[in-house]
Amino acid sequence: MSKKQTFISFEGDQAKVLFVTRKKGAVVIDNTCLIQINALDRFLEEQRSLPNLHVIYPFRQFYSDILSVPAVKTKFLDTVVSIEIKKRFPLLRDFSFFYMPLTEKAVDEKAPLEIFFCAVENDEINAIVDRFSFKGKPVQCVLPDIVPLARLLAAHEKTDEKPVLGLLGRREEKTLFLLKSGRIHFVRIVASDSAGIADEDMDNINMTVSYCRQQLRLEPEKIVCIDGAAGSEGLPARAAIPIVRPDYLEGFGQPRVPRDFFIPYAAAVFFDTPVECNLLPHHHRTLFLQRLVFSYAATFFLIIAILGLAYTVFNLAEAVWYRGKIESIRKNMAGADTGMSAYEKASADLQRVSPMLNLLNEARSAPDMNEALLALSFLPMAQIDVRGIQVDNKEGRVRIQLTGVVFGDGYGARYQSFQRLLEKFRDDRRMTLGTKTLDHRTGQFQIEMEINRS
C-alpha cells in the first residue's frame, strides 16, 4: 500500500519542497519544488492538499544539553526529562522537546541514564505551524534541520567506532553537531560572514573540537562538511582534525533530486513517522488527530450514503409495485363503506334478538336433574354415608361431584366399601369417572364424574 508524503525544508530565504510516495519501504520521488519564502503563502493556497506534511526548520533559538536521569520505564521517561529541562532552564515555560538516550541501560539498573535533549519554545513553533494551518494544510511533524542531517551522516559514517563532527555551512552561519553511535551529543551554531570556511570560522571549529575533547571526553575523528561548507577554494589546512567532503550527497541514487535537496530527502528516507524527534506541540497533535478521525469518518459516511443510494435504486422497482398496490387498496376502500353499513344493520338486528338467545342458552345450560338422579338411584349403600351432591353442566355434559364418608372396621374395610361404590359407577356405561380421593384415616371421600348425553 502506497503512502503520499510532503517534506518542506526552510533554508535561508527559500523553501525546498519534496513530494514522495512510500511503497513497501522504498521512497519514490514524485516531484520537487523550490520557492521563495515570501511566496510560500501563495504556494499553499494553490496546492489542493499536502498529504502527511513534514516541516524541517532551522531553529536558531533552542536549548540543548546532556542530562543524567534515573533509569526509569520508557513511559515515564518523557515526564522525567521534561522536569529536568525545567530545572536546567527555569525561564523556559511553554516548550516542546525531543531527546535521545546516549547510553542503553536496563530498567532495574541503578546507574543514571545519559540523555541529549533539544527544546524549543512553543511560540516559535506555533508561528510556523499556524502559517500552514491557516491555509488548510495541517502539519504532521516538525523537525529541526540537524535531525535528518544526523541520520544521514550516521547512515554513511562509522560513528559507532569514533565520533564525527558534522558541519553545515551557510553564508550567515555554521552549524556544528557531534555524532557518536548515530546519536547527537552536542550542537553549536556560530555566526559567519562567508559561504566557505574563513579563518574566523576555522577558529570556531577548532574551539568546538577542543570543547568536545575537554568537556565531553570525546575525540572526533574528522569533520564532515555538508552543503559545500568548505567552499570552492579547497579544504583549509589549519583544522585540528581532518575535514572531508562526503560523496554520498551526489544524487542519492535519485536522478530527480537536486543536490541541494539533501535535507528534505534525508528526512524522507529516514523518517516515516518520526515520533521521537517531533517538535509539534501537543495541542497541534490533537488537532491533527481530530482532523484525521473526521476525514476517515466522512469517508465512511460517504461510502454508507453511496451504498444506501445504490440499495434504493436497486429496490426502486419493488417500491413502484408497492405504490401501485397501495393505490389499488385506496380505490377498493370506497366499496368498504357499503359493507360496513350492512354489518351495522345486521348487528342492530342481532341486538334485538339477543335477549331471546340468552334465555335459550340459560335453559340449555341448566343441569339435567333427571339424569343425575337416575345415575344415583342405587344410593344409599351399606357403609356409605353420602353428605353432599353437586350437579352442573359443562360443555354439554352433566357433571356430578359426590362427597361423603365410608365406614368400616379398619383401613381395609373402608377401602373395600369405597371400591364397591366405584364399581357401581363403572357399571353404568353413561358415566365417566374423573377424580376420586379417599382419606383412609377419616374415611372421607370425593368422587367426580360426568354423564354423557346421548
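Note that the structure is predicted; figures quoted are calculated from it, not measured. Keep in mind that the numbers below use all heavy atoms, side chains included, and drop hydrogens, waters and symmetry copies.
- Rounding to the nearest 0.5 Å places CD1 of Ile223 at 8.5 Å from OG1 of Thr208.
- Under the side-chain hydrogen bond (donor to acceptor under 3.5 Å, both in side chains) criterion, Asp130 pairs with no residue at all, not counting sequence neighbours.
- Side chains of Val147 and Pro144 form a contact here, defined as non-hydrogen atoms less than 4.5 Å apart.
- The closest side-chain heavy-atom distance from Ile56 to Pro148 is below 4.5 Å.
- Between the OG1 atom of Thr175 and the CD1 atom of Ile146 there is a distance of 8.0 Å, given to the nearest 0.5 Å.
- Note that CG of Leu18 and CD1 of Ile29 are 4.5 Å apart. Values are rounded to the nearest 0.5 Å.
- Heavy-atom contacts from other residues, nucleotides or ligands closer than 6.0 Å to OH of Tyr322 number 12 or fewer.
- The shortest non-hydrogen separation linking Leu153 to Gly166 is CD2-CA, 3.9 Å.
- Using a 4.5 Å heavy-atom threshold, the side chains of His185 and Leu102 count as touching.
- Between Leu179 and Ile184 the shortest side-chain heavy-atom distance falls below 4.5 Å.
- Side-chain atoms of Tyr57 and Ile8, non-hydrogen and from C-beta on, never get closer than 4.5 Å to each other.
- Considering every non-hydrogen atom in both Asn206 and Ala240, the closest pair reads OD1-N, 2.9 Å.
- Listed by chain and number, the residues in a side-chain hydrogen bond (donor to acceptor under 3.5 Å, both in side chains) with Thr6 amount to none (sequence neighbours excluded).
- Counting all heavy atoms, side chain and backbone alike, Ser64 lies closest to Val187 at OG-O, 4.4 Å.
- Few gaps surround CZ on Arg60; more than 12 heavy atoms of other groups in view lie less than 6.0 Å from it.
- Side-chain contact between Leu50 and Phe19: present, with at least one pair of heavy atoms (C-beta onward) separated by less than 4.5 Å.
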| query | When you look at Lys16 and Ser9, which way does the side-chain hydrogen bond (donor to acceptor under 3.5 Å, both in side chains) test go after all the steps? | reply | CA-CA 5 Å; Lys16 298 172 183 178; Ser9 176; over 6 Å; no
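- Between Thr435 atom OG1 and Ile447 atom CD1 the span is 11.0 Å, to the nearest 0.5 Å.
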Could you go through residues 196-204 and list every donor-acceptor pair under 3.5 Å that involves a side-chain atom there, pairing it with any protein atom two or more places apart or in another chain?
from	atom 1	to	atom 2	distance (Å)
Asp201	OD1	Ser192	OG	3.2
Asp201	OD2	Ser192	OG	3.1
Asp201	OD2	Ala198	N	3.1
Asp203	OD1	Arg238	NH1	3.4
Asp203	OD1	Arg238	NH2	3.4
Asn204	ND2	Glu200	O	3.4

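- Salt bridge Glu121/Arg93: absent, no basic N to carboxylate O contact under 4.0 Å.
- Side-chain contact check for Gln61 versus Phe59: every heavy-atom pair is 4.5 Å or farther apart.
- A ring-centre distance under 6.0 Å is not found for Phe97 and Phe117.
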What side-chain donor-acceptor pairs closer than 3.5 Å can you find for residues 33-45, not counting sequence neighbours?
from	atom 1	to	atom 2	distance (Å)
Asp41	OD1	Arg131	NE	3.1
Glu45	OE2	Lys135	NZ	2.6

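- Across all their heavy atoms, Val20 and Asp30 have their closest contact at C-OD2, 3.3 Å.
- A ring-centre distance under 6.0 Å is not found for Phe186 and Phe116.
- For Glu221, there are no salt bridge (Lys or Arg N to Asp or Glu O under 4.0 Å) partners at least two apart in sequence or on another chain.
- With respect to Glu219 and Lys162, no salt bridge is recorded, no charged nitrogen being found less than 4.0 Å from a carboxylate O.
- Within the 4.5 Å cutoff, the side chain of Leu218 has heavy atoms near those of the Lys180 side chain.
- Under 4.0 Å is where a charged nitrogen must lie from a carboxylate oxygen, and between Glu450 and Arg399 no such pair does.
- We find the SG-CZ distance between Cys277 and Phe270 to be 13.0 Å, quoted to the nearest 0.5 Å.
- When only modelled atom types and interatomic distance are considered, Ser68 and Glu114 share a side-chain donor-acceptor pair under 3.5 Å.
- Every residue two or more places apart in sequence or in another chain was checked for a salt bridge (Lys or Arg N to Asp or Glu O under 4.0 Å) with Lys325, and none qualifies.
- Within the model, atoms CG of Leu165 and CZ of Arg188 stand 10.5 Å from one another, a figure rounded to the nearest 0.5 Å.
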